[in-house]
Amino acid sequence: MRKLAFLAALALLVPAVPAAAAPDIPPGAVRVAEFLADCPASHRLPDDPIIFPNLPGASHMHSFFGSSTTKASTTVTDLINANSNCNPSIDKSAYWIPTFYNNNVPVEPTTGIFYYLGEGVRDDLIAQTQPFPLGLRIVAGNATAAGPADNPLARWSCLHAGEVAPSQDFVTCPPGTMLESYLDFPHCWDGVNLDSPNHKSHMAYPVGNACPASHPVVVPKLRQVMRYPVNGNPANFRLASGRGYTMHGDFFNAWPVDELARRVNDCIRIIVKCGTNGRP
């Protein structure tokens, strides 16, 4: 609790980032509020520096993306000083998910794609989007879900097979396609805490196209997309946490402050689709 109190005090020192001068929108720009990081899997460990900090081996197996050294004891300073395998490499953040298995053999996604989006709230609120504060931790999904209804945000589908209806659990993908997982993170922040005792209550999802009064700060909506090189009968598929409906994701922000602010201003606030370089 003392550590959380310190983090809360630190967060109070981080003012809202005002909008810089709105950049010109290039002719032909796609009017979607988006930038992204493309991060191959880096390593696997039974660690979770958010849920089980400083307790190596206390978690089920996770596949890590981004920072190459993430482990149970990882701090934001560690992330800032470590290498990243993301494109762009300036994204020092850590991302992790439960490891996927096929016939008890671990299978990593072809890559992890992490979209930073402006959506789910009104356009005037997208224009007020704030960058994530350095060190913010966010958890999405439900690792202990007992059934699909316990984790409605998890979504499985098939790449290039739109005829297969998405589901909270694994789906059967036809030959020549890949199994996909989508998960959206909450993007309303309480404006104070970088984490919370249950690792969720400092964040919330929008209600009625606006953030609730308890969580008034709009931050980018992180969408985690995983594509696994498997298809066919999912009977032998599992996650380290269980069935497909236990899919979850963790994010530990270590973007350079100025660079994240630029991308929010140049891509999210003005509703322009940017690439990994943060430019249209």
Side-chain angles (χ1 to χ4, degrees), residues 1 3-17 33-37 48-53 62 65-66 70 74-76 79 91 93-98 114-122 125-126 128-145 150-155 181-225 241 246-255 257 260-261 263-264 268-269:
M1 294 300 293
K3 184 176 181 181
L4 286 177
F6 168 76
L7 292 173
L10 178 64
L12 286 171
L13 298 176
V14 181
V17 177
E34 174 188 305
F35 63 92
L36 72 154
D48 190 324
I50 294 179
I51 307 298
F52 298 110
H62 281 112
F65 304 78
T70 312
T74 291
T75 66
V76 68
L79 295 177
D91 178 12
S93 303
Y95 311 84
W96 59 98
I97 61 171
F114 302 93
Y115 294 95
Y116 292 75
L117 307 169
E119 61 179 42
V121 296
R122 301 188 311 268
L125 298 178
I126 292 175
Q128 299 173 30
T129 300
Q130 295 295 314
F132 297 124
L134 183 64
L136 182 69
R137 274 146 278 192
I138 313 178
V139 177
N142 185 354
T144 61
D150 292 339
N151 193 9
L153 294 169
R155 181 164 70 89
S181 168
Y182 286 75
L183 186 65
D184 286 346
F185 284 61
H187 56 113
C188 297
W189 177 44
D190 67 10
V192 176
N193 297 290
L194 300 180
D195 198 359
S196 49
N198 67 357
H199 311 293
K200 288 194 174 184
S201 61
H202 61 301
M203 302 297 299
Y205 288 91
V207 178
N209 294 317
C211 284
S214 58
H215 296 75
V217 182
V218 181
V219 294
K221 176 180 178 177
L222 183 63
R223 173 171 293 161
Q224 165 189 296
V225 179
S241 50
T246 66
M247 187 56 159
H248 54 285
D250 298 68
F251 169 64
F252 196 154
N253 176 46
W255 278 90
V257 172
L260 183 58
R263 290 169 185 247
V264 167
I268 301 294
R269 288 173 172 166

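Bear in mind the structure is a predicted one, so any value in this text is a computation, not a measurement. Residues take their numbers from the sequence shown, with the count starting at 1.
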Using the ring of each side chain (for Trp, its six-membered ring), is W255 parallel, tilted or perpendicular to F35, with breaks at 30° and 60°?
perpendicular
Ring pair (Phe, Tyr, Trp, His ring centres under 6.0 Å) partner of F132, the single match among W189, F185, F252, F251:
F251
Where the side chain of S196 meets the backbone of S201, is there a donor-acceptor pair that is under 3.5 Å apart?
yes
With side chain to side chain contact (heavy atoms under 4.5 Å, CB included) as the criterion, how do I138 and L222 come out once you've worked through the C-alpha distance, each side chain's angles and the decisive distance to 0.1 Å?
CA-CA 10 Å; I138 313 178; L222 183 63; 5.9 Å; no
Less than 4.5 Å apart, any side-chain heavy atom of T129 and any of P220?
yes
Heavy atoms only: give me the nearest L79-A94 pair and the separation to one decimal.
CD2-CB, 3.9 Å
For A140 and L183, which heavy atoms make the closest approach, and how far apart are they?
O-CD2, 3.7 Å
Tell me, with the steps shown, if V264 and Y116 meet side chain to side chain contact (heavy atoms under 4.5 Å, CB included).
CA-CA 9 Å; V264 167; Y116 292 75; over 6 Å; no
Do L117 and H187 have side chains that get closer than 4.5 Å, going by heavy atoms?
no
Are any non-hydrogen side-chain atoms of L153 and Y205 less than 4.5 angstrom apart?
yes
For P212 versus P206, what's the shortest heavy-atom pair and its separation?
CD-CA, 4.5 Å
Kindly indicate, with the supporting measurements, whether the criterion side chain to side chain contact (heavy atoms under 4.5 Å, CB included) is fulfilled by N151 and T246.
CA-CA 7 Å; N151 193 9; T246 66; 5.8 Å; no
If you measure from NE2 on H248 to OG on S181, what distance do you get to the nearest 0.5 Å?
11.0 Å
One should read off an interatomic distance between N142 CG and K200 NZ, to the nearest 0.5 angstrom, of 5.5 Å
Side chain to side chain contact (heavy atoms under 4.5 Å, CB included) between Q130 and R269, intermediate numbers included
CA-CA 9 Å; Q130 295 295 314; R269 288 173 172 166; 3.5 Å; yes
Could you state the interatomic distance from CD1 (I126) to CD1 (I268), rounded to the nearest 0.5 Å?
8.0 Å
Between atom SG of C211 and atom CZ of R122, what is the distance when rounded to the nearest 0.5 Å?
10.0 Å
So CG of N193 and CE of M203: to nearest 0.5 Å the spacing works out to 11.0 Å
Do the numbers put R155 on top of the ring of Y182, so that NZ or CZ is under 6.0 Å from the six-membered ring centre and no more than 45° off the axis?
yes
Report the distance from atom CG of D195 to atom CD1 of I51, rounding to the nearest 0.5 Å.
8.0 Å
